[in-house]
There are 2 protein chains.
Amino acid sequence: MSFKKVRNAHKTENTEDYLELISELLTIKGEARIVDIANRLGIAQATANKTIQRLQHQGFIKREPYRSIFLSVKGQKIASHSKKRHNTVFKFLLNLGLDEKTASADAEGIEHHVSDKTLKKMNKFNAKKNV
Amino acid sequence: MSFKKVRNAHKTENTEDYLELISELLTIKGEARIVDIANRLGIAQATANKTIQRLQHQGFIKREPYRSIFLSVKGQKIASHSKKRHNTVFKFLLNLGLDEKTASADAEGIEHHVSDKTLKKMNKFNAKKNV
DNA sequence: ATAGATTTATAGCCATAGCTATACTATTTA
DNA sequence: TAAATAGTATAGCTATGGCTATAAATCTAT
């Protein structure tokens, strides 16, 4: 049943979004704070904090109380993989003829459900279109 | 924030899967029973029952205790829309060059995150490829 | 018609993700 | 430096979706 795969994807989806975002904040700002994460995700700060706690317990991130959040090696791997995948899907949608806004919005949802095989096909398509 | 859209999609995702499946069971078997739904989705019967209760309260389905499940008009609309969308995404992935199995599995996850604009582009692509 | 099998419903548990309200810590600024 | 502001943590609530175990209803077949 492919439904199981989808459910499984959902579990990791939120994790991937957080890790990708933290990585981005670390790059841009040098630190990743709860407030920024909450703002960027459009959720309450308490919710972000709770999820960050889970990610910490699961070994994806490192942090000291009241300090910036950092990625563990494990977390970094996932973040960079997610980032690549996101880029592929985003470019693919652009190459399909969509505007940036739509491509960006749809990529956000689609990226977590794209298998490696499909990702390869998207990359091929992108290569042809040469973007 | 597009993340909000994604979260919103998640809420309706499970609903759409159920309604689409019920519609399919009604067509094929003439009735949709909890056991069949649970089997097809790969979940416990009690879980299926609970979700069906929610769908009932939300007015998507109709049923009498211990009897088959039927779709309300509201439910039928969603089911048929979902079915169409699913087909488009599935065909699109086939046209991209993927095998049936992968196309089917990925479509299951992707379909819920495809906007109308993207759906149109996929349909165009399908029309060109003529499948 | 009733016993046994199947199906459906319910109870009670867990995890996740969302919220508000409030408490606590750190930083900034007057 | 002390007060105000900003940021973080915690408590307690909701809803969803997953599970197992068990009870209740329906079907089936003897």
Side-chain angles (χ1 to χ4, degrees), chain A residues 1-22 25-26 29-70 78 108-109 112, chain B residues 1-22 25-26 29-70 78 108-109 112:
Chain A
M1 291 293 85
S2 61
F3 289 105
K4 277 192 183 171
K5 282 187 197 165
V6 176
R7 280 201 304 279
N8 217 48
H10 281 165
K11 281 187 195 165
T12 56
E13 207 164 319
N14 206 30
T15 298
E16 290 173 349
D17 284 341
Y18 270 76
L19 298 179
E20 207 178 326
L21 176 52
I22 291 166
L25 288 171
L26 286 172
K29 295 194 159 194
E31 59 174 13
R33 315 293 309 219
I34 291 289
V35 228
D36 301 322
I37 292 170
N39 286 340
R40 284 286 296 272
L41 297 179
I43 58 177
Q45 164 272 316
T47 304
N49 193 62
K50 198 198 275 183
T51 301
I52 288 295
Q53 279 176 18
R54 173 176 64 77
L55 296 178
Q56 194 173 1
H57 292 143
Q58 293 174 341
F60 294 114
I61 63 163
K62 307 257 178 200
R63 72 159 168 176
E64 302 295 314
Y66 296 99
R67 291 273 122 76
S68 172
I69 295 147
F70 297 99
I78 293 173
E108 207 59 64
H112 304 283
Chain B
M1 293 292 84
S2 62
F3 289 105
K4 276 193 183 172
K5 282 186 197 165
V6 176
R7 279 199 305 280
N8 218 48
H10 281 166
K11 280 188 197 166
T12 56
E13 208 164 319
N14 205 31
T15 298
E16 289 173 350
D17 283 341
Y18 270 76
L19 298 179
E20 206 177 326
L21 175 52
I22 290 166
L25 288 171
L26 286 173
K29 295 193 158 197
E31 60 174 10
R33 314 294 309 219
I34 290 290
V35 228
D36 300 323
I37 292 170
N39 286 341
R40 283 287 295 272
L41 296 179
I43 58 177
Q45 164 271 316
T47 304
N49 194 62
K50 200 199 274 185
T51 300
I52 288 295
Q53 279 176 18
R54 173 176 64 77
L55 296 177
Q56 193 173 1
H57 293 143
Q58 294 175 341
F60 295 114
I61 63 163
K62 306 258 178 200
R63 72 158 168 177
E64 302 295 314
Y66 297 98
R67 291 273 123 76
S68 172
I69 295 145
F70 297 98
I78 292 173
E108 207 59 63
H112 305 282

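Throughout, a chain's letter reflects where its sequence line sits, starting with A, and its residues are numbered from 1.
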With the side chain counted from C-beta on, respond yes when [X] and [Y] share a heavy-atom pair under 4.5 Å apart, and no when they do not.
X: A:His10; Y: B:Asn14; answer: no
X: A:Ile43; Y: B:Phe3; answer: no
X: B:Leu55; Y: B:Ile69; answer: no
X: A:Asn8; Y: A:Lys4; answer: no
X: B:Leu19; Y: B:Ile61; answer: yes

What is the distance, to the nearest angstrom, from the [atom1] atom on [X] to the [atom2] atom on [N]?
X: A:Gln45; N: C:dA23; atom1: CD; atom2: P; answer: 15 Å
X: B:Lys50; N: C:dA11; atom1: NZ; atom2: C1'; answer: 10 Å
X: B:Lys4; N: C:dA17; atom1: NZ; atom2: P; answer: 18 Å
X: A:Asn8; N: C:dT16; atom1: CG; atom2: P; answer: 13 Å

Looking only at heavy atoms, what is the nearest atom pair of A:Ile37 and A:Ala48, with distance?
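Of all heavy-atom pairs spanning A:Ile37 and A:Ala48, the closest is CG2-CB, 4.3 Å.
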Show the nearest heavy-atom pair for residues B:Gly42 and A:Arg7, with the distance to one decimal.
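B:Gly42 and A:Arg7 have their closest heavy atoms at O-NH2, 3.5 Å.
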Can you tell me how far [atom2] of [Y] sits from [atom1] of [X], rounded to the nearest 0.5 angstrom?
X: B:Asn49; Y: B:Gln56; atom1: CG; atom2: CD; result: 9.5 Å
X: B:Leu26; Y: B:Leu21; atom1: CG; atom2: CG; result: 9.5 Å
X: A:Glu31; Y: A:Asp36; atom1: CD; atom2: CG; result: 7.5 Å

Tabulated below should be each protein N or O lying under 3.5 Å from an N or O of nucleotides 26-29 of chain C; please produce it.
from   : atom 1 : to      : atom 2 : distance (Å)
C:dT27 : OP1    : A:Arg67 : NH2    : 2.9

Within the distance-only criterion (no hydrogens, no angle test), does the side chain of A:Ser68 pair as donor or acceptor with the backbone N or O of A:Arg33 below 3.5 angstrom?
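Checking the backbone N and O of A:Arg33 against the side chain of A:Ser68, no donor-acceptor pair under 3.5 Å is found.
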When you list every nucleotide of DNA chain D with an atom under 4.0 Å from a heavy atom of chain A, which one comes first 5' to 3', and which comes last?
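For DNA chain D, the relevant span reads D:dG7 to D:dG18.
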Near DNA chain C, counting only heavy atoms under 4.0 Å, which residues of residues 51-62 of chain B show up?
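Going residue by residue through residues 51-62 of chain B, the ones with a heavy atom under 4.0 Å of DNA chain C turn out to be B:Gln53.
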Given that both pair distances must be under 3.5 Å and the pair must be Watson-Crick or G-U, what runs of three or more consecutive pairs involve DNA chain C?
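Only these stems qualify: C:1-30 with D:1-30.
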Relative to the 5' end of DNA chain D, which residue comes earlier, B:Asn14 or A:Thr47, by the nucleotide with the nearest heavy atom?
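Taking each residue's closest nucleotide, the earlier one in sequence belongs to A:Thr47.
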Which residue pairs satisfy the salt bridge (Lys or Arg N to Asp or Glu O under 4.0 Å) criterion with at least one member in residues 9-19 of chain B, sequence neighbours excluded?
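Sorted result for residues 9-19 of chain B: B:Glu16-B:Arg85.
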Partners meeting side chain to side chain donor-acceptor pair (under 3.5 Å) with B:Thr15 (sequence neighbours left out):
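Side chain to side chain donor-acceptor pair (under 3.5 Å) list for B:Thr15, sorted by chain: B:Arg54.
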